[in-house]
2 protein chains.
Amino acid sequence: MMLPHATPVETAAEAETAVLLIRRTGARATPARLRVLRLLRAAPAALTHHQIEQALGDLAIDRVTLYRVLDWLVESGLARRTTDAQRTFRYSLAAGGEHAAHTHFRCEDCGRVFCLDAAPPVPPSLPEGFCLSRIELDLCGRCAECTGERR
Amino acid sequence: MMLPHATPVETAAEAETAVLLIRRTGARATPARLRVLRLLRAAPAALTHHQIEQALGDLAIDRVTLYRVLDWLVESGLARRTTDAQRTFRYSLAAGGEHAAHTHFRCEDCGRVFCLDAAPPVPPSLPEGFCLSRIELDLCGRCAECTGERR
DNA sequence: CGACATTCGCAACTGTGTAGCATCTATGGG
DNA sequence: CCCATAGATGCTACACAGTTGCGAATGTCG
């Protein structure tokens, strides 16, 4: 799946920001949180719990702890969580002004999920009494890599 | 959850159509398939495996058989399958000319999923090399029932 | 009616996410 | 710099949705 085992080089400033981001939520800046946060930051796509475990490599953190770190990230607004077609959760860093509209591209071959920043689509009309809070646009198909590889 | 335990009345013609629909796929018209097909047809929203089991009531069919029936429905193009926010599959009858675009409304309160037939949204621009096969628009919020009930 | 491939129903299994609880540690006050 | 302690961690055990294998039952076609 070719995820970097560790971010190539990370400046002290970047690490600092991560710590501050965490502290600002009122939580402790633990190694587990820092590592997951950095990993998500470097990820080009939304990752599953399993992919994150793999990417952490040898210095693995406990399965349950990872779940808790991810939950915490979502709760504190630092990350967002979606379910993919294989009914597993995928996590990605929350963009600046989120919570309104979001666009994903899911590759049907490799299963990866890419977060695009396409324009928030039309606000469609809803049945009487329905109340809208979020719009999500899901595009399915093949990513560039898979299109190239297989035919 | 208030799903009808059985479709109020079903004309012989409707039952007939169901049988033909099934036969046309080259499969056998078994009671299990017929019942699930009718149920989905009468459903106002996408149903989970569990909801379908409930709706079948006393004349329950085996859990695994239901899974297989649903798989078969999806495979043969009669139904479509999506995952909801609780990471469980939901099944709904495939509309006439489907496979292009689809719009769902998920109620954050009761978890139900409604299939709207809103206009297929804008075809957004993709990164180089990406190949699009399906668009799905997901609306989240509160359905009329829940909006009315709770404030 | 009879043969036989397709379906069904059971039991056991997998994979993803959660709960409880004892142990450890980041952090703020001495 | 060290200590106390709320908050995190990492076990183990569990819950739930979905899957697999296989023998028994049954719809369909001749």
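Any value given below was found using the heavy atoms of this structure, including those in side chains, with hydrogens, waters and symmetry copies removed. Chain letters run A, B, ... following the sequence lines, proteins first, then strands; residues in each count from 1.
- When side chains are defined from C-beta on, B:Thr48 counts as touching B:Gln51, because their heavy atoms get closer than 4.5 Å.
- Salt bridge present: B:Arg81 and B:Asp71 bring a charged side-chain N and a carboxylate O closer than 4.0 Å.
- The interatomic distance linking A:Leu34 (CG) with C:dT25 (P) rounds to 16 Å, in whole Å.
- Atom pair A:Gln54:CD and C:dG15:P shows a separation of 13 Å (rounding to whole Å applied).
- Going from atom CZ of A:Arg87 over to atom P of C:dG17 covers 8 Å, rounded to whole Å.
- To the nearest angstrom, P of D:dT19 lies 11 Å from CD of A:Gln86.
- Taking 4.5 Å as the limit, some side-chain heavy atom of A:Thr82 sits within range of a side-chain heavy atom of A:Glu136.
- One atom, CD of B:Glu53, and another, P of C:dC8, lie 15 Å apart when rounded to the nearest Å.
- A salt bridge is defined here as a Lys NZ or Arg NE, NH1 or NH2 lying under 4.0 Å from an Asp or Glu carboxylate O, and B:Asp138 with B:Arg106 meets this definition.
- Each of D:dT28, C:dT18, D:dG10 was ranked by its minimum atom distance to the side chain of B:Arg23; first place goes to D:dT28.
- Closest approach to the B:Arg28 side chain among D:dT28, C:dT18, D:dT9 is made by D:dT28 (side chain taken as heavy atoms from C-beta onward).
- A straight line from CG of B:Leu56 to P of C:dG9 spans 11 Å, rounded to a whole angstrom.
- In terms of modelled atom types and a separation under 3.5 Å, the side chain of A:Arg90 and the main chain of A:Ala46 share a donor-acceptor contact.
- Rounded to a whole Å, the CG atom of B:Leu66 is 14 Å from the C1' atom of D:dT19.
- For a distance-only test at 3.5 Å, the side chain of A:Arg33 fails to qualify as a donor-acceptor partner of the base of D:dA8.
- Here B:Tyr67 reaches the OP1 or OP2 of D:dG18: one of its side-chain N or O atoms lies under 4.0 Å away.
- Between A:Arg90 and B:Gly26, the residue anchored nearer the 5' end of DNA chain C, judged by the nucleotide with its closest heavy atom, is B:Gly26.
- If you find the closest nucleotide of DNA chain C to A:Phe89 and to B:Trp72, the one lying nearer the 5' end belongs to B:Trp72.
- A close approach under 4.0 Å does occur between a side-chain nitrogen or oxygen of A:Thr30 and OP1 or OP2 of D:dT9.
- For B:Val113 against B:Ala45, the heavy-atom pair with the smallest separation is O-CB, 2.7 Å.
- OP1 or OP2 of D:dG10 lies within a sub-4.0 Å distance of a side-chain N or O belonging to A:Thr65.
- Within 4.0 Å (heavy atoms only), B:His49 reaches sugar-phosphate atoms of the nucleic acid but no base atom.
- The side-chain heavy atoms of B:Arg80 and B:Val74, taken from C-beta on, include no pair separated by under 4.5 Å.
- Nucleotide C:dT16 holds its P atom 13 Å from the CD1 atom of A:Ile52, rounded to whole Å.
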Please list, for nucleotides 10-14 of chain C, all pairs of protein and nucleotide N/O atoms separated by less than 3.5 Å.
none

